[in-house]
Visitor: 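Sharing a structure here in structure tokens format.
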Amino acid sequence: MPKAVKGVLVECDPSIKAIILKIDQDKHDYIVEDLDDQTLVIKESQLNRLKARLEEV
Amino acid sequence: MSASSIRSLEYLEGLPGTTFNRLYKQPSTALAIFRRMLPHLAKSFVMALLYISRPMPVTDLEAWVRPDGRRERDNAVNLLERLHILASATNPGKPRAYSLTNPFAASLRLALTGGGDHNSFGVPANVSEDDVVTIPELDEFARRQWEGVLGYMVGSSTGVDLSNSGVELSPGVQHLLRGGGLVDIKGRRVEITQDGFAFILQEVNAQIWTMLILYLQNAERLSMDECEVLSFLFTLGSLELGVPYSKANLTPTQCQMLHDLSDFGIVHEATPEASHFHPTRLATTLTSDAGGLRSSSLASSADANRGFIVIETNYRVYAYTSSNLQIAILQLFTRLITRYPNMVAGKITRESIRRAVGMGVTSDQIISYLTTHAHPQMAKKQPVLPATVVDQIRLWQLEGDRMKATPGFLFKEFNTQADYEAPCRYAEEIGVLVWKLDTQKKFFVTRHEQVAAFLRSRSGKGG
């Protein structure tokens, strides 16, 4: 049965994606689904926090 | 459709069906939705179905649209269904058929042909000549009130003193701005937020709608009936500028609203106890497509609809204005260097753009602001702004964008390739598909309702 999941599709460079994966590693509270090396789906509520953390890098 | 009507549309779609039922009892609401919210094809469908008493089979309706217009047709039908204007019914033994929902159809017929004693288009008041407020006075009042609101928002963040505008914001408005996340109050200082910046750079009509939607969301907390508030807003949109209207037939909620709306400059009341009110231009253009707001009433003081900004290819900006509000807005994304009595000079720099982007303003908003306020001498040229400046503003924004984010829904776990391909193709046709990966049988869409309905209808058919 097909499933639909709510989230935010993030498209970025592989290098940025690697950083996002690293950020997610601590608590696994950002990523909903890892799609391919340039795309992933994250939780909508975490988008702003993720952006802020990317700025710090 | 303009940004403002999209915004109000999103709000409307979120309402439950019973609210729609009550809303559509007012002819002014039905007419306002019809003329403001619907694309042309949807209007044609409504007009065609309006005087047909029996439901029209789906296939007949589909035959009106050429095969290559399928996407527009689906969008129009879907929108009408979401707004509870069109309902499809399946009777056993008969093909599926569409008809207009009843309070809507009856109200729209009343609105178009007149008649009834619904008073939903306002009741003009009989007042003496002295009490009638002239149109220039109304425009001046609306401008002063609205600039007061905007000035309150930008004032303290940019350090430009706007206190001489002479408008004291009521606590209700201040509360609304803070509640809507447009400003943040730290101690006694008012700080503008990201959303606030985006708000400031919108056109006036969009700003008014944003504010009214905030007001609506707040209405329940003030124990006002959302439906009553909304239908009164649509009524306001159908009133005539410069005509006094009577308050006698209004409910207590609506009288309270009049009082609140006069804080924004949307309506004008001589005193809260007066027996009549005047709608201003902000009210009468609420539901018209014209959007002629900025040109007529707002912009800067006397030189109403004239542009005032000159930009040179060396990024220097000259703004012929003495309005503190205009200067404060300009300062959001330019580095102002000198100020003369009737003009300010400054420069667009990487830092100033990066700062604005960091606060949530997009390069497109800045560019469209500069374009719409370009000096007439600039506006004669094509393109209006120097290409180098436009490109550079975009590049400066991209510098900070490390990723592209699109909210929506991921569809996954399809059993077979065929199961996956059909909805995926459908999503592409109706224009909601953002991303797909054939090998993993996953795709991402911005809206899920139509795709979900498509999946349901398929699983129903296939068993």
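In what follows, chains carry the letters A, B, and so on, assigned in the order in which the sequence lines appear, proteins first and then strands, with residues in each chain numbered from 1.
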Visitor: Given a strict heavy-atom distance threshold of 4.5 Å, which part of A:Glu33 is in contact with chain B: side chain, backbone, both, or neither?
Guide: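 For A:Glu33, the contact with chain B is made by the side chain alone.
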Visitor: Say you draw a straight line from CG of A:Leu35 to CH2 of B:Trp435; how long is it, rounded to the nearest 0.5 Å?
Guide: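 Nearest 0.5 Å value for the CG-CH2 distance: 4.0 Å.
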Visitor: Examine whether an atom of A:Thr39 lies under 4.5 Å from a heavy atom of chain B, and if so say whether it belongs to the side chain, the backbone or both; otherwise answer neither.
Guide: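 When you check distances to chain B, only side chain atoms of A:Thr39 fall under 4.5 Å.
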Visitor: At a heavy-atom separation under 4.5 Å, does B:Lys412 approach chain A through its side chain, its backbone, both, or neither?
Guide: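 For B:Lys412, backbone and side chain are both near chain A.
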Visitor: Might you point out which heavy atoms bring B:Phe414 and A:Pro2 nearest each other, and give the distance in Å?
Guide: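 Heavy-atom minimum between the residues: CE2-CB, 3.4 Å.
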Visitor: Inspect the surroundings of NZ in A:Lys51 and state if more than 12 heavy atoms from other residues, nucleotides or ligands are less than 6.0 Å away.
Guide: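 At most 12 heavy atoms, drawn from other residues, nucleotides or ligands, come within 6.0 Å of this atom.
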Visitor: Using a cut-off of under 4.5 Å for heavy-atom pairs, which of A:Leu50, A:Leu47, A:Ile16 has the most such pairs with chain B?
Guide: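 Most heavy-atom pairs under 4.5 Å with chain B: A:Ile16.
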Visitor: Which region of A:Val5, side chain (C-beta onward) or backbone (N, CA, C, O), has a non-hydrogen atom less than 4.5 Å from a non-hydrogen atom of chain B, or is it both or neither?
Guide: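 For A:Val5, heavy atoms of backbone and side chain both lie under 4.5 Å from chain B.
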Visitor: Quick check: closest heavy atoms across A:Val8 and B:Phe444, and the distance to 0.1 Å?
Guide: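 In this case the closest contact between A:Val8 and B:Phe444 is C-CZ, 4.1 Å.
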Visitor: Heavy-atom count around B:Arg354 CZ within 6.0 Å, excluding the residue itself: above 12?
Guide: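 Yes, CZ of B:Arg354 has more than 12 neighbouring heavy atoms, counting only those of other groups under 6.0 Å.
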Visitor: Side chains of B:Leu410 and A:Val32, heavy atoms from C-beta outward: is any pair under 4.5 Å?
Guide: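 A side-chain contact under 4.5 Å is absent here.
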Visitor: Tell me, side chain or backbone of A:Glu11 under 4.5 Å from chain B's heavy atoms, or both, or neither?
Guide: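 Its backbone and side chain both get close to chain B.
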